[in-house]
Number of protein chains: 2
Amino acid sequence: MLKQPPSFEEYLPHLAYDSVIFGFNGSELKILVLEYHNTGLFALPGGFVKRYEDVDAAAKRGLWERTGLDNIFLEQFYTFGNFSRSRPDIMRTILEANGFEVPDDYWILDRFISIAYYALINYDEVMPKPDELSDNINWYPVDNLPKLMMDHQLIVEKALLILRENLDKKLVGMNLLPPKFTMQVLQKVYEAILGEKLRRTTFQRKMLTLDLLVRHEKLFSGGAHKAPYLYSFKHKMAVQTAEDAILSN
Amino acid sequence: MLKQPPSFEEYLPHLAYDSVIFGFNGSELKILVLEYHNTGLFALPGGFVKRYEDVDAAAKRGLWERTGLDNIFLEQFYTFGNFSRSRPDIMRTILEANGFEVPDDYWILDRFISIAYYALINYDEVMPKPDELSDNINWYPVDNLPKLMMDHQLIVEKALLILRENLDKKLVGMNLLPPKFTMQVLQKVYEAILGEKLRRTTFQRKMLTLDLLVRHEKLFSGGAHKAPYLYSFKHKMAVQTAEDAILSN
DNA sequence: ACCCTATTGTCTCATTTTGTTACATTAATA
DNA sequence: TATTAATGTAACAAAATGAGACAATAGGGT
């Protein structure tokens with residue numbers, strides 16, 4: 001009924017990646033969380049690294065498998081390497097709930113070090129698809145997540161800190177928004193990430209003086225008020241993989 | 001004549017750490033580089049992770065083994081996971097130059113992912129000691145390093161970028177300087193890390209208004225000029241391991 | 001003892017950046 | 001056509017930073 005579980009020969013032992021995939025729906029910052037069949041366990045999407053595969057490529061592959069998106073911002077931000085983070089009991093629960101026979105020495109029950117990535121994607125373009133171990137994958141607001149298994153809550157918190165630190169450097173807005181957007185929406189991205197209100201006029205002035213935006217036609221949204229301009233980012237920033245980032249930083 | 005090489009049973013396969021250990025001698029930023037016996041190969045100090053050991057603990061242990069220092073600033077900053085970074089030919093050279101018989105399937109010749117750390121230490125307190133594979137370990141100015149093996153030059157460059165980014169956040173000076181120091185020396189640390197000259201008066205005003213320093217007695221160094229005050233940092237910042245940093249960030 | 005020199009600590013003023021408020025503009029609606 | 005609410009920008013205040021001036025002072029030289 002189910003495919004074979006991942007085989008020992010194909011993957012590096014003890015090594016995994018997990019991804020915190022951020023999206024923005026216009027008002028809230030969300031991340032993708034998957035739920036495993038018949039277990040009530042929620043987890044970040046993650047996977048294993050093939051024996052001859054770059055770790056970055058593994059994370060990129062996993063993202064593509066789950067979202068169908070290929071050219072997106074994806075950056076490694078931390079590696080979780082505590083011995084106690086590994087939970088063979090939980091891994092066994094997940095595998096058995098999927099009908100696998102799990103030998104005691106099965107490699108997935110071993111200790112795992114996880115290299116964590118965060119991705120920024122345009123919420124509208126994504127139709128997440130579950131894999132064979134999970135029965136669904138959904139967007140959840142970062143401040144209202146289900147209880148995540150193992151240390152995944154910690155991984156999310158660290159990702160949020162890093163995202164805040166990189167907010168200006170990495171032109172986060174460009175990666176979370178559609179190509180054209182209003183100043184108000186851009187401000188809401190910033191507010192959602194920082195978790196605080198910003199002053200409208202100061203924000204607008206700041207963004208405009210940074211000289212990163214191009215102004216386009218107005219957006220007539222139907223509201224009984226002056227129509228805002230649409231903007232886009234001036235320079236199409238190359239999508240960064242973590243390795244690019246080292247050089248471009 | 002030589003001890004046994006590291007054994008497969010004791011360590012996690014495919015996983016290593018490397019440390020960029022920064023020190024400041026009063027005018028230049030330096031790092032510790034080791035040279036392997038009879039090979040002309042220069043490398044960052046690194047090592048392997050024991051099967052039941054936290055990765056942070058492994059890096060800490062390695063630092064202690066090489067410097068004798070125990071309570072120092074040590075923070076993980078990046079994980080290098082490209083397949084092509086591993087160089088079994090070079091590892092073989094190093095092992096054979098030390099008189100080891102190296103079987104073709106020896107685990108150290110496999111692919112390795114390296115978790116990189118940077119450390120900040122008080123240059124004066126350190127008497128580096130070589131391990132059994134290296135014949136010496138020495139301070140080198142960051143802008144005048146010997147040619148490093150594999151991707152270690154890249155690791156250093158990434159460490160420097162991270163150090164610059166964290167210069168203010170992490171109170172770097174506290175970790176690179178002796179307990180009491182003059183404003184001039186503090187400024188030189190900043191200049192060495194940033195790689196640029198700073199304005200004396202602006203720097204002094206900035207540091208004082210940050211309200212982080214305590215002023216002590218003057219330092220009569222023997223120069224024919226007004227004696228500068230000595231300063232120390234107000235709050236003894238707890239030494240951070242990478243795991244602490246997640247929470248304290 | 002007295003001047004000279006180099007460095008230090010602080011002050012002042014100019015410039016830039018940011019905070020805050022005000023106000024005219026304008027798209028839809030009644 | 002007046003009303004309403006969001007928008008773009010200007011204007012002024014406050015804060016931060018840049019740049020220079022200057023008095024204080026620990027030695028050295030005479």
Side-chain angles (χ1 to χ4, degrees), chain A residues 24-28 164-165 167-169 171 173 177-234, chain B residues 24-28 164-165 167-169 171 173 177-234:
Chain A
F24 183 72
N25 71 348
S27 66
E28 271 186 317
R164 272 174 204 146
E165 285 177 13
L167 185 51
D168 292 313
K169 277 180 289 195
L171 296 182
L177 291 173
K180 290 182 180 178
F181 47 86
T182 63
M183 193 61 80
Q184 195 192 42
V185 172
L186 182 60
Q187 183 175 342
K188 289 204 165 158
V189 174
Y190 273 69
E191 290 177 340
I193 292 173
L194 295 174
E196 60 180 332
K197 286 282 171 194
L198 299 176
R199 216 160 273 281
R200 182 181 66 90
T201 55
T202 308
F203 180 80
Q204 172 137 329
R205 179 176 51 193
K206 186 65 172 248
M207 283 299 135
L208 293 177
T209 58
L210 285 179
D211 199 33
L212 293 170
L213 300 178
V214 186
R215 177 176 286 181
H216 299 281
E217 75 280 4
K218 291 191 170 192
L219 170 69
F220 299 93
S221 58
H225 52 76
K226 189 173 177 178
Y229 288 106
L230 285 169
Y231 297 88
S232 67
F233 284 93
K234 226 175 199 172
Chain B
F24 183 71
N25 71 348
S27 65
E28 271 185 317
R164 273 175 204 145
E165 285 177 13
L167 184 51
D168 291 312
K169 277 180 289 195
L171 295 183
L177 292 173
K180 289 183 181 179
F181 48 86
T182 64
M183 194 61 79
Q184 195 192 42
V185 172
L186 182 60
Q187 184 176 340
K188 289 204 165 160
V189 173
Y190 272 70
E191 291 176 338
I193 291 173
L194 294 174
E196 61 181 332
K197 286 281 170 194
L198 299 176
R199 215 158 273 283
R200 182 180 66 89
T201 55
T202 307
F203 180 81
Q204 172 137 330
R205 177 176 52 191
K206 186 65 173 253
M207 284 298 136
L208 292 178
T209 58
L210 284 178
D211 199 34
L212 294 169
L213 300 178
V214 185
R215 178 177 284 180
H216 300 280
E217 73 281 6
K218 290 190 171 195
L219 170 69
F220 299 93
S221 58
H225 53 75
K226 187 172 177 178
Y229 288 105
L230 285 169
Y231 297 88
S232 66
F233 284 92
K234 223 172 197 173

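For clarity, every value in this text was computed on a predicted model and none was experimentally measured. Order of the sequence lines sets the chain letters (A, B, ...), proteins ahead of strands, with each chain counted from 1.
A 4.0 Å heavy-atom criterion places the boundary nucleotides of DNA chain D facing chain A at D/dT4 to D/dA11, written 5' to 3'.
Note: A/F233 and A/F181 meet the aromatic proximity criterion, with ring centroids under 6.0 Å apart.
When rounded to the nearest whole Å, the span between CZ of B/F203 and P of C/dT8 equals 12 Å. Here the C1' atom of nucleotide C/dA27 and the CD atom of A/E217 are 16 Å apart, to the nearest Å. In this structure, NE2 of B/H225 is placed 10 Å from C1' of C/dT5, rounded to the nearest angstrom. A straight line from NZ of A/K218 to P of C/dT25 spans 12 Å, rounded to a whole angstrom.
Residues A/L208 and A/M183 form a side-chain contact, since some pair of their non-hydrogen atoms from C-beta on lies under 4.5 Å apart.
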**Asked** How far apart are the C-alpha atoms of B/D168 and B/L210, what are their side-chain angles, what is the distance that settles it, and do they pass the side chain to side chain contact (heavy atoms under 4.5 Å, CB included) test?
**Response** CA-CA 10 Å; B/D168 291 312; B/L210 284 178; 5.5 Å; no

**Message:** Protein within reach of the bases, or only the backbone? For nucleotides 12-22 of chain C, mark each nucleotide 5' to 3' as B, S or -, using heavy atoms under 4.0 Å.
**Reply:** B-----BBBBB

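For the salt bridge (charged side-chain N to carboxylate O under 4.0 Å, His left out) condition, the pairs that include at least one residue of residues 189-199 of chain B, sequence neighbours left out, are B/E191-B/K197. The list of salt bridge (charged side-chain N to carboxylate O under 4.0 Å, His left out) pairs with a residue in residues 222-233 of chain A, not counting sequence neighbours, is empty.
Rounded to the nearest 0.5 angstrom, B/Q204 CD and B/T209 OG1 are separated by 10.5 Å.
Near DNA chain C, defined here as any heavy-atom distance below 4.0 Å, the residues from residues 181-190 of chain B are B/Q184, listed numerically.
Residues B/K234 and B/D211 share a closest heavy-atom pair of NZ-OD1, 2.9 Å. Contact detail for B/A192 and B/S27: the closest heavy-atom pair is CB-O, 4.3 Å.
Figure legend: cation-pi geometry between A/R215 and A/Y229, with NZ or CZ positioned under 6.0 Å from the six-membered ring centre and within 45° of its axis.
Among residues two or more places apart in sequence or in another chain, the side chain to side chain donor-acceptor pair (under 3.5 Å) test is passed with A/K180 by A/E217.
Residue whose closest nucleotide on DNA chain C sits further toward the 5' end, between A/S221 and B/L230: B/L230.
Under 4.0 Å is where a charged nitrogen must lie from a carboxylate oxygen, and between B/E28 and B/K188 no such pair does.
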